[in-house]
Q: 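My questions all concern the structure below.
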Amino acid sequence: MKLILVTTPNYFIEEDKILTALFEEGLDILHMCKPSSVPMFAERLLTLIPSQYHKRIVVHGHFYLKEEFGLKGIHLSDRNNQMPENYKGLVSTTCHTLDDICLKKTSSDYILFTPVFENESHECGSYPLLTKDMLRNASKMGIIDKRVIAFGGINENNIPEIKDLGFGGVAIMNGLWNNFDACIDSDYHTLIEQLHRFKKLCD
């Protein structure tokens, strides 16, 4: 399964060093989601991350950054839902309902479906959770497949269930960042260890 890490909504000290360390330890895809940020801060963070890792980053806004920094792609969401004119490259999309998945899957390389276990996304709004039976039926119908990534409340305990439901991967935010307090923690080896555990579960 794919393993995607979603950034915290706010910037924090040494974020570039932590993200670089996670890339060095095998993080394949990072979704840079800073919904209230100004372009200058996004540019600064990308400048501080070594360029060899830029091709693993998908941005949720300020889409011009994709070409300027040679990023992996862009992500369309409720907040930023307009494809740039003449855009060519990877596109991922947030969906909140099964109907939404059916509508947008053909125009997306992959879908972030949220919420699955809980509503943790700062972009998600108040969409209801689907029952496990509804998700399982959607998988049997081919709506949920390898191009649909589960997001919302993902942790070590429920990744096996995500696999069983037929999702193609997981997107993790709080499941990793809740283990780190940017205000007081200087040692981020716990994040690296957590990443390794997530990767092992997704293999």
Q: Linking I/L/V/M/F/W/Y whenever their side-chain heavy atoms sit closer than 4.5 Å, directly or via other members, would Leu103 and Met134 fall into one cluster?
A: no
Q: Any pair with a residue in residues 54-74 that passes salt bridge (charged side-chain N to carboxylate O under 4.0 Å, His left out), sequence neighbours left out, goes on the list, sorted by first then second residue, please.
A: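 Sorted result for residues 54-74: empty, none.
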Q: I need the minimum non-hydrogen distance between Pro9 and Lys34, along with the two atoms involved.
A: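 Heavy atoms of Pro9 and Lys34 come nearest at O-CD, 3.5 Å.
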Q: What verdict does the side chain to side chain contact (heavy atoms under 4.5 Å, CB included) test give for Phe167 and Lys2, after you've listed the backbone C-alpha separation in whole Å, the side-chain angles of each residue and the deciding distance to 0.1 Å?
A: CA-CA 9 Å; Phe167 285 92; Lys2 285 183 185 294; over 6 Å; no
Q: Side-chain contact test, heavy atoms from C-beta onward, threshold under 4.5 Å: evaluate it for Leu165 versus Arg136 and give yes or no.
A: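 Yes, side chains in contact.
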Q: Quick one: list whatever passes side-chain contact (heavy atoms from CB on, under 4.5 Å) with Asp16, sequence neighbours left out.
A: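 With neighbours one apart ignored, the set is Leu45, Leu48, Ile49.
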Q: Within a strict 4.5 Å, meaning less than it, do heavy atoms of the Ile159 and Ile154 side chains meet?
A: yes
Q: Is there side-chain contact between Phe113 and Leu130, with heavy atoms separated by less than 4.5 Å?
A: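 In short, these two side chains touch, coming nearer than 4.5 Å.
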Q: Report the residues that fulfil side-chain hydrogen bond (donor to acceptor under 3.5 Å, both in side chains) with Asn137, sequence neighbours left out, ordered by chain and then residue number.
A: none
Q: For Asp203, check side-chain contact (heavy atoms from CB on, under 4.5 Å) against everything at least two apart and list the hits.
A: none
Q: Sequence neighbours excluded, which residues qualify as ring-ring contact (aromatic ring centres under 6.0 Å, His included) partners of Phe23?
A: Tyr53
Q: Can you confirm whether Tyr87 is buried at OH, in the sense that more than 12 heavy atoms of other residues, nucleotides or ligands lie under 6.0 Å from that atom?
A: yes
Q: Do Thr93 and Ser107 make a side-chain contact, defined as non-hydrogen atoms from C-beta onward lying under 4.5 Å apart?
A: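 No, too far: nothing below the 4.5 Å cut-off.
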Q: What I want to check is whether the side chains of Tyr188 and Gln194 have a donor and an acceptor closer together than 3.5 Å.
A: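 Not at all, the side chains of Tyr188 and Gln194 share no donor-acceptor pair under 3.5 Å.
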Q: I'd like to know if the side chain of Asn155 and the backbone of Asn158 have a donor-acceptor N/O pair within less than 3.5 Å.
A: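 Checked: pair present.
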Q: Can you list every side chain to side chain donor-acceptor pair (under 3.5 Å) pair that touches residues 139-154, not counting sequence neighbours?
A: Lys105-Asp145
Q: Write down the atom of Tyr64, the atom of Pro39, and the distance for their closest heavy-atom approach.
A: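 Reported closest heavy-atom pair: OH-CB, 3.2 Å.
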Q: For the residue pair Gly168 and Ile149, what are the closest heavy atoms and their distance?
A: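 Scanning both residues completely, I find the closest heavy atoms to be C-CD1, 3.8 Å.
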Q: Counting C-beta onward and ignoring hydrogens, is there a side-chain heavy-atom pair between Trp177 and Leu191 closer than 4.5 Å?
A: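 A side-chain contact under 4.5 Å exists here.
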Q: Consider only side-chain heavy atoms of I, L, V, M, F, W and Y, link residues closer than 4.5 Å, and tell whether Phe12 and Leu5 are in one cluster.
A: yes
Q: Suppose we screen for ring-ring contact (aromatic ring centres under 6.0 Å, His included). Which residues come up paired with Tyr110, at least two apart in sequence or across chains?
A: His31
Q: Show your reasoning for whether side chain to side chain contact (heavy atoms under 4.5 Å, CB included) applies to Ile74 and Met83.
A: CA-CA 9 Å; Ile74 66 172; Met83 184 89 71; 4.0 Å; yes
Q: Do Ser92 and Asp109 have side-chain heavy atoms sitting under 4.5 Å apart?
A: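 Result no, sub-4.5 Å side-chain heavy-atom pair not found.
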Q: Who passes side-chain contact (heavy atoms from CB on, under 4.5 Å) against Lys199, sequence neighbours left out?
A: Leu3, Asp28, Leu195
Q: I'd like to check the ring-ring contact (aromatic ring centres under 6.0 Å, His included) partners of Phe69; sequence neighbours left out, ordered by chain and number.
A: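 For Phe69, the residues satisfying ring-ring contact (aromatic ring centres under 6.0 Å, His included) (neighbours in sequence not counted) are His54.
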Q: Check side-chain contact (heavy atoms from CB on, under 4.5 Å) between Asn178 and all other residues, then give those that pass, not counting sequence neighbours.
A: Asn174
Q: Using 0.5 Å steps for rounding, measure from the OG atom of Ser37 to the NE2 atom of His62.
A: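 Ser37 atom OG to His62 atom NE2 measures 3.5 Å (nearest 0.5 Å).
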Q: Quick one: pull up CG in Leu112 and NE2 in His96 and give me the separation to the nearest 0.5 Å.
A: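 Here the rounded value is 10.0 Å.
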Q: Among His75, Arg79, Lys104, find the residue that satisfies the side chain to side chain donor-acceptor pair (under 3.5 Å) test when tested with Thr94.
A: His75
Q: If you take all heavy atoms of Leu65 and Gly61, which pair is closest and at what distance?
A: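 Shortest heavy-atom contact: CD1-O, 4.4 Å.
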Q: side-chain hydrogen bond (donor to acceptor under 3.5 Å, both in side chains) with Thr20: which residues, sequence neighbours excluded?
A: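 Here no residue qualifies.
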Q: With the 4.5 Å side-chain cut-off for hydrophobic clustering, are Phe41 and Phe63 part of the same group?
A: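 Yes; Phe63 is reachable from Phe41 via cluster members.
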Q: Take Met32 and Leu71 through the side chain to side chain contact (heavy atoms under 4.5 Å, CB included) test and state the conclusion after the steps.
A: CA-CA 11 Å; Met32 186 171 159; Leu71 305 181; over 6 Å; no
Q: Which heavy atom in Ile192 sits nearest to a heavy atom in Ala21, and how many Å separate them?
A: CD1-CB, 4.2 Å
Q: Would you indicate whether Met141, at its atom CE, is surrounded by more than 12 heavy atoms from other residues, nucleotides or ligands within a distance under 6.0 Å?
A: no
Q: With distance as the sole test, does Asn81 use its side chain to make a donor-acceptor pair with the main-chain N or O of Leu76 at under 3.5 Å?
A: no
Q: Does Asn179 reach the main-chain N or O of Gly175 with its side chain, forming a donor-acceptor pair under 3.5 Å?
A: yes
Q: Atom CG in Leu135, atom CD1 in Ile162: separation rounded to 0.5 Å?
A: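 Here the rounded value is 7.5 Å.
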Q: Run the side chain to side chain contact (heavy atoms under 4.5 Å, CB included) check on Leu30 and Leu22 step by step: do they pass?
A: CA-CA 10 Å; Leu30 175 75; Leu22 293 173; over 6 Å; no
Q: To the nearest 0.5 Å, what is the distance between CD1 (Ile143) and CG (Asp100)?
A: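 The CG atom of Asp100 is 11.5 Å from CD1 of Ile143, to the nearest 0.5 Å.
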Q: Any side-chain heavy atom of Leu201 within less than 4.5 Å of one from Val170?
A: no
Q: With sequence neighbours excluded, what pairs up with Glu24 under the side-chain hydrogen bond (donor to acceptor under 3.5 Å, both in side chains) test?
A: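 Not a single residue meets the side-chain hydrogen bond (donor to acceptor under 3.5 Å, both in side chains) criterion with Glu24.
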Q: Is any side-chain heavy atom of Thr8 less than 4.5 Å from a side-chain heavy atom of Glu15?
A: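 Answer yes - side chains close enough.
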Q: Do other residues, nucleotides or ligands put more than 12 heavy atoms under 6.0 Å from Arg44 CZ?
A: no
